[in-house]
Amino acid sequence: MEGSDPIAALEAAVTAVAGVPVELERPSEARHGDYATNVALRLAGERRQPPREVAAELAARIASLDGIAAVDVAGPGFLNLTVDDAWLGGALAAVLRAGGGFGARSAGAPERIQVELVSANPTGPLTVASARNGAYGDAVARLLEFAGHEVEREYYYNDAGAQMDLFRASVEAVRRGEEPPEDGYHGAYLAELADEPGDPVPRMLARIEAALERFRIHVDTFERQSAVEAEIPDALAAIETYEADGAVWAATSAHGDDRDRVVVRSDGTPTYFAADAAYIRRKFARGFDRLVYVLGADHHGYVARLAALAEMLGKPREAVEVLIYQLVHLTRGGEAAKMSKRRGDVVFLDDFLDEIGVDAARWYLLSRGHDQTIEIDVDLAAERSQKNPVYYVQYAHARIAGVLRNAAGSRPDPAPGAALATEERELVKRLLELPAIVREATARRGPHALPAYSIRVADDFHRFYHHHRVLGSEAEAFRLALCAGTRTVVAVCLDLMGVEAPERM
RNA sequence: GCGCCCGUAGCUCAGGGGACAGAGCGGCGGACUUCUAAUCCGCGGGUCGGAGGUUCGAAUCCUCCCGGGCGCACCA
């Protein structure tokens with residue numbers, strides 16, 4: 001792993017000198033060197049020595065490390081390291097050797113992980129709210145796979161129960177030429193479902209699956225609520241329950257929940273939470289080490305009760321991970337667009353994709369932290385699609401692909417033949433950030449770091465490209481290697497986001 | 001009332017203990033005999049919601065307050 005992460009290797013070398021873990025960061029200012037660490041400031045306290053004194057002592061020893069051109073003590077006691085060109089060349093060689101696996105396999109102990117995503121009931125087409133769930137959940141799944149875990153994507157849906165009865169009744173009403181029930185479903189899609197005979201639910205589900213595939217989300221397994229409900233008695237026997245007020249309760253408050261939850265109503269019917277219990281038990285029985293739920297902010301109350309269920313089933317509560325994303329607010333022409341499925345004025349995923357495209361849609365939905373609500377003016381997103389930064393990044397990839405096509409026959413060589421220019425050094429250093437970016441994005445379940453980082457990569461590449469000729473220059477071999485490394489890094493980022501890396505634009 | 005999330009540039013948002021706070025869009029002004037100008041370069045733009053606290057050092061951590069979003073079912 002460290003063999004393909006030059007930064008981690010350098011950090012390990014400096015750590016060996018300092019005696020405590022060292023993290024290198026990239027200073028915002030060029031005069032602060034290539035990499036900086038505050039380790040001397042941290043050590044000063046425990047050594048009861050002035051920080052700059054500690055720094056000076058460490059600097060002398062770090063300066064003799066392989067690849068270090070200079071070490072400066074700055075400010076209150078920062079150590080600013082400058083690496084030499086040969087080190088950067090070696091690092092670039094490591095990127096090229098790793099190829100599409102650069103930054104991958106960071107998981108110490110690979111797990112079997114299930115990511116449950118979208119799980120919208122098939123009572124209508126997917127909306128943009130589900131699109132955020134899907135884009136986010138799928139990106140997290142891709143990150144986990146990239147880290148080396150075995151990941152399965154699952155979609156859970158209701159195929160029986162009151163809402164589905166109402167949905168079927170709404171379709172039936174349309175077939176009879178009547179208005180759907182007052183509290184039923186009303187979209188134009190009902191007419192299409194009514195045109196064909198039989199149960200509309202499987203066809204609605206097929207349409208949803210097709211929309212997800214178009215959105216580049218492949219669901220491995222679909223789980224039906226009716227199948228899960230059949231296992232409710234077994235699940236209730238496996239957890240702590242008691243009777244009170246004529247109902248059966250699960251003792252979730254003993255496991256971190258605010259209160260206990262009813263699992264069987266006083267009329268004898270099980271609650272939705274009873275199905276949750278059966279479902280989570282079934283998931284564990286299928287052999288997953290970790291269960292990831294991707295849920296909207298309106299479900300944040302589930303976190304405690306699902307963890308409680310895991311504990312009651314004898315699993316560590318950390319084995320259930322509930323990822324909460326904030327809601328998507330859509331506006332159209334300044335007016336808030338309604339998101340209820342029972343109204344006709346919703347924005348469906350397919351329409352959204354028609355307007356702004358799959359790449360821009362995925363990029364846009366992933367660009368914000370999942371803890372942040374998103375506001376999208378649908379008209380604006382469509383109108384300004386050319387200005388979406390996704391094209392800026394894709395263009396970098398296409399540009400490189402073009403150069404490499406034209407360079408056919410010419411051999412890349414990551415060893416610098418001459419002193420590297422500023423733009424070349426900056427670009428190499430940028431590429432080397434990928435493993436840390438990916439590790440952190442994975443650990444924090446925050447794929448929004450990827451678009452932010454890939455913009456910086458594209459930025460550094462476009463600047464390099466503008467200032468330096470690749471083909472026919474004296475530095476052609478090195479620059480071709482730099483182009484190849486950049487293409488790899490951009491392609492890895494785009495793939496983790498589910499965005500295409502085009503060869504031409 | 002209780003719980004979760006969020007207040008950073010005109011707008012949409014990054015940054016989640018370090019050195020003068022960033023990007024995109026929008027505004028203004030420049031650059032193509034060129035491997036792709038979907039590019040590059042420059043200018044302007046900020047009480048990081050407010051007040052305390054911890055720290056050598058706070059947009060970042062803690063407390064309180066203000067403002068916004070979302071939840072607090074024997075619904076699904």
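So you know, we letter chains A, B, ... as the sequences are listed, proteins then strands, and number each from 1.
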Choose from [options] the nucleotide whose nearest atom is closest to any side-chain atom of [X].
X       : options                : result
R399(A) : C40(B), G69(B), A37(B) : A37(B)
H467(A) : G69(B), C41(B), G16(B) : C41(B)
A452(A) : A14(B), C35(B), C40(B) : A14(B)

Does a side-chain N-to-carboxylate-O contact under 4.0 Å join [X] and [Y]?
X       : Y       : answer
R479(A) : E474(A) : no
R456(A) : D460(A) : no
E311(A) : R317(A) : yes

Please find the pair of heavy atoms, one from P447(A) and one from P451(A), that lie closest to each other, and give the distance.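 In terms of heavy atoms, the two residues are closest at O-CD, 3.2 Å.
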Where is the tightest heavy-atom contact between A304(A) and D257(A), given as atom of each residue plus distance?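 Looking at all heavy atoms of both residues, the closest pair is CB-OD1, 3.8 Å.
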Take Q326(A) and R444(A), find for each the nucleotide of RNA chain B with the closest heavy atom, and name the residue whose nucleotide sits nearer the 5' end.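 Upstream on the strand: Q326(A).
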Closest-nucleotide 5' rank along RNA chain B - winner of P76(A) and L471(A):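 Here P76(A) is the residue nearer the 5' end.
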Using a heavy-atom cut-off of under 4.0 Å over every strand shown, decide if [X] touches base, sugar-phosphate, or nothing.
X       : answer
A304(A) : nothing
H468(A) : base
H32(A)  : base
A36(A)  : base
A398(A) : base
N38(A)  : base

All N/O pairs under 3.5 Å across the protein-nucleotides 8-12 of chain B interface:
residue	atom	partner	partner atom	Å
U12(B)	O2'	R368(A)	NH2	2.2

[N] to [M] separation - [atom1] atoms, rounded to the nearest Å:
N      : M      : atom1 : value
G3(B)  : C62(B) : P     : 15 Å
G7(B)  : G49(B) : C1'   : 6 Å
C4(B)  : G46(B) : C1'   : 29 Å
A59(B) : U54(B) : P     : 16 Å
A38(B) : G18(B) : P     : 38 Å
C11(B) : C48(B) : P     : 16 Å
U60(B) : G17(B) : C1'   : 6 Å
A9(B)  : A14(B) : C1'   : 13 Å

Taking only side-chain N and O atoms of Y325(A), does any of them lie within less than 4.0 angstrom of OP1 or OP2 on G69(B)?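 For Y325(A), the contact criterion (side-chain N or O under 4.0 Å from OP1 or OP2 of G69(B)) is not met.
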Any H300(A) side-chain N or O less than 4.0 Å from OP1/OP2 of G69(B):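 H300(A) to G69(B) OP1/OP2: no side-chain N or O under 4.0 Å.
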Pairing residues for H462(A) by the ring-ring contact (aromatic ring centres under 6.0 Å, His included) criterion, not counting sequence neighbours: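 In terms of ring-ring contact (aromatic ring centres under 6.0 Å, His included), with neighbours along the sequence ignored, H462(A) is linked to Y392(A), Y395(A).
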Less than 5.5 Å between centroids and less than 30° between ring planes, does F78(A) satisfy that with A19(B)?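 The ring of F78(A) is stacked on A19(B).
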Taking [atom1] from [X] and [atom2] from [N], how many angstroms apart are they, rounded to a whole number?
X       : N      : atom1 : atom2 : value
R463(A) : A37(B) : CZ    : P     : 16 Å
H329(A) : C6(B)  : NE2   : C1'   : 11 Å
E423(A) : U39(B) : CD    : C1'   : 14 Å

Aromatic centroids of Y279(A) and Y156(A) separated by under 6.0 Å: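 Ring-ring flag for Y156(A)/Y279(A): true, centres closer than 6.0 Å.
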Tell me, with the steps shown, if E476(A) and S410(A) meet side-chain hydrogen bond (donor to acceptor under 3.5 Å, both in side chains). CA-CA 9 Å; E476(A) 177 177 300; S410(A) 221; 2.3 Å; yes
Stems involving RNA chain B, each a run of at least 3 consecutive Watson-Crick or G-U pairs under 3.5 Å: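 Runs of three or more consecutive pairs: B:1-7 with B:66-72, B:10-13 with B:22-25, B:27-31 with B:39-43, B:49-53 with B:61-65.
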Contacts to RNA chain B from residues 485-505 of chain A, heavy-atom cutoff under 4.0 Å, which residues?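 E503(A), R504(A), M505(A) - these, ordered by number, are the residues of the stretch whose heavy atoms sit under 4.0 Å from the strand.
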Hey, what's the ring geometry for H370(A) with Y136(A), parallel, tilted or perpendicular (30° and 60° as the breaks)?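 Taking Y136(A) first and then H370(A), their aromatic rings lie parallel (interplane angle under 30°).
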Please produce a list of atom pairs where a protein N or O lies less than 3.5 Å from an N or O of nucleotides 72-76 of chain B.
residue	atom	partner	partner atom	Å
A73(B)	O5'	R259(A)	NH1	3.3
C74(B)	OP2	R259(A)	NH2	3.1
C74(B)	O3'	R265(A)	NE	3.2
C74(B)	O2	S266(A)	N	2.8
C74(B)	O2	S266(A)	OG	2.9
C74(B)	N3	S266(A)	OG	3.2
C74(B)	N4	D245(A)	O	2.8
C75(B)	OP2	R265(A)	NE	2.1
C75(B)	OP2	R265(A)	NH2	3.1
A76(B)	OP1	R265(A)	NH2	2.9
A76(B)	OP2	R265(A)	NH2	2.3
A76(B)	O3'	N158(A)	ND2	2.8
A76(B)	N6	Y302(A)	OH	2.4
A76(B)	N1	Y302(A)	OH	2.4

Applying salt bridge (charged side-chain N to carboxylate O under 4.0 Å, His left out), can you list everything that pairs with E23(A), at least two apart in sequence or on another chain?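 None.
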